[in-house]
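Worksheet: one structure, shown below.
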Amino acid sequence: MERNLKELISQMTLEEKAGMCSGLDFWHLKGVERLGIPSVMVSDGPHGLRKQDEKADHLGINDSIKAVCFPPAVLSACSYDRKLLEKLGEVVGDEAQAKNLSVVLGPAVNIKRSPLCGRNFEYYSEDPYLAGEAAASFINGVQSRHVGTSIKHFAANNQEFNRMSASSEVDERTLREIYLPAFETAVKKSQPYTVMCSYNKINGTYASENPWLLTEVLRDEWGFKGYVMSDWGAVNDRVEGLKAGLDLEMPSSNGINDAEIVKAVQEGTLDEAVLDQAVERILKIVFEYLDNKKEQPLTLEQDHEFAQHAAEESIVLLKNEENILPLKEKEQVAFIGGFVKNPRYQGGGSSHVNPFKVTSAWDALSSKENITYAEGFSSEKDFYDEKLVAEAVETAKQAEKVIIFAGLPESFESEGYDREHMQLPECQNRLIAEIAKVQPNTIVVLHNGAAVEMAWVQNIKGVVEAYLGGQAVGQALVNILYGIVNPSGKLAETLPIKLEDNPSYLNFGDGEKVEYNEGVFVGYRYYDKKKMKVAFPFGHGLSYTTFEYSNLKTDKDTMKEGDTIQVSVDVTNTGDCFGKEVVQLYISDLTGAARRPEKELKGFEKVALNPGETRTVTFTLDKRSLAWYSTELHDWYAASGEYQILIAASSRDVRLKKTIQWESAQRLPLHIHLNSTLGELLKDERTRELGKELKGKLDAFFGAVDGTADQIDDAVSDDMGDAMAMSMPIRNVLSFGLADKEELQAKLDELNNK
Ligand code: BGC
């Protein structure tokens, strides 16, 4: 149905228009009854509905309706499965339709800069490509149901401490390469109905009133067409926000900020057209939802099954020495740890879902005979209970294999605060060590929203990373442990050995200004560059079968501006059971034109294979796959030269390589002056001739000096002389009287202006 929104808006009073730009209450937008504009509702969140019918809050304090808790992003990203994430979006979209929600407040795509961020469980990855692809798939799924999404928190919201006032100090290149692309990809591939701006400042300006962010980048460059809403309470100056591109303030400001808008228009400091535009953007989305509203049953049981499936496709088998897993039905297995009966499957805060049921591993094990259980430790606190430990050790001794369900208690991580350390509760680390002493066949299953240190990892044979797996995680885990499902998840973040290894360690969690000094070297980009050992690398995940990679091909070897390259590789299941492999494609820039990570993820595909089966996996690369962000050009740039395609099973398990050639049509601007060095001149083809000429003059000069003073020969080797010349500013050539200043300056000007 075509609606004439401009005409509708022309009938609204100034007060009604200002009112449209803020919430009615905690969860509703305002309606205008006399004009047939109904009030619609929005609700958290990304991995299940948190629709509050009664008492409202944005911190997950009060209960919401019974719904399904799907695996949070920390786990679902590990599926590396676009179709699965899209399906997850469809299911959430259907539930939102059933519960009359116009917008679901997610997905959350902030980059995991530090393992300590309290909200990492809600975020997909340390890698912007993966986060962007995951978000776009999810958004496409939800919006196929004509329910909106609100991709959040835009942008550079990477810690919880002082999230409402701190300024993320991030340089332009780092913003473009690391912190913005997940939003960019989602806008370009899935056009989210809404974007939620973050609480924090970026380089001193609140995200909620940042015209560069909300208008120049988001709308003018990326082509965003929906409305921008504030995070709950993120508005600092409402009128400045509106001018910058913040359309909707949430929640209600009790009329206070609406009145400021009215006043600004009346006083002529705010153009009414800006207000009209915001109202139009909001109404467009409101009607997109209303005009496509349909009856939708709530299918909780069916959705619970999907939650289980999503967890099964995402759980990561980190370690499996001697093929300790899968378990066999006849084996005597002891299950230990409070999480066996009381799983931790979601995080705290605004995304907290009220699940209609939860399946623990113990529930899922009920039909098995050869199993025993000991609590060992509580899932809720860090308390070393001698009696529980003694029982657990005894139970462990009597079993053939032991599975310890360890993890972070709920109080350890949540929205609103960051963790102080990266450790499991001490009682759990001690218990794992005790059990490993008496039981050689020990496996640890982890329930955690973010990376934890695993000091005991060398002393046990298996580790399963279940992260926070949603309400059906128990069944999913049992299916994986017993080999009913072959694990196929891969890590969406690096698990460092210790917190201090993390690149943000020295600059994380500061109060007023958070300096992102590590720049683009976030996650594996840093660990790889520093050739550091990590506990488990980004992209890592094992299977009960094995895969071989072969036959890497490209359809061309040279790519030019506007071209794409098709890459194909064969993957074969060389083991004896069905399995799925996540094939990863990384790019390594060999040109040396800029300081860049060793490799960056630019493609992934998940492929399902029967034993013996081979399939060809394909990828498409374009200029952007090779490029970095030049702050000189304010654009993406890839220097001409060689780039390597790496086909890998993880960021540290590269199976095949192929080098391609890129021919750039762009050139970085020249800025040479009398203090530019000879080295700089010689490096750039545009100035090389001049560099050679000046170097020649210098060589001739020193050669002449050489003849008269023998001792210089001993003190200055040829290599050293060359090296010194390389970092010699051009003005020094002048000071030796080897060139004419005016002539040289004219030459430099000519080259600069070419
Ligand atoms: C969170 C958002 C959430 C909103 C509404 C805020 O505190 O940062 O992610 O959508 O509350 O609950």
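One-based numbering, in listed order, for ligands and for the atoms of each. The chain is numbered in sequence order, starting from 1.
Applying the ring pair (Phe, Tyr, Trp, His ring centres under 6.0 Å) criterion to Y193, with sequence neighbours excluded, gives no partner residue. With sequence neighbours excluded, no residue satisfies ring pair (Phe, Tyr, Trp, His ring centres under 6.0 Å) with F224.
When N120, V170, N158 are each tested for a side-chain contact (heavy atoms from CB on, under 4.5 Å) with R113, only one passes: N158.
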Checklist entry - Step by step, would you call Y289 with H146 a ring-ring contact (aromatic ring centres under 6.0 Å, His included)? => result CA-CA 5 Å; Y289 162 71; H146 301 286; 9.4 Å; no

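Of the possible polar contacts, none joining the T185 side chain to the A182 backbone as a donor-acceptor pair under 3.5 Å is found.
Residue pairs that meet the side-chain hydrogen bond (donor to acceptor under 3.5 Å, both in side chains) test with at least one member in residues 307-316, sequence neighbours left out, are Q308-E312, E312-N479, E313-K580.
Listed by chain and residue number, the protein contacts of ligand 1 are W27, D44, R50, H58, L105, R119, K152, H153, R163, M196, Y199, D231, W232, S350, E415 (heavy atom within 4.0 angstrom).
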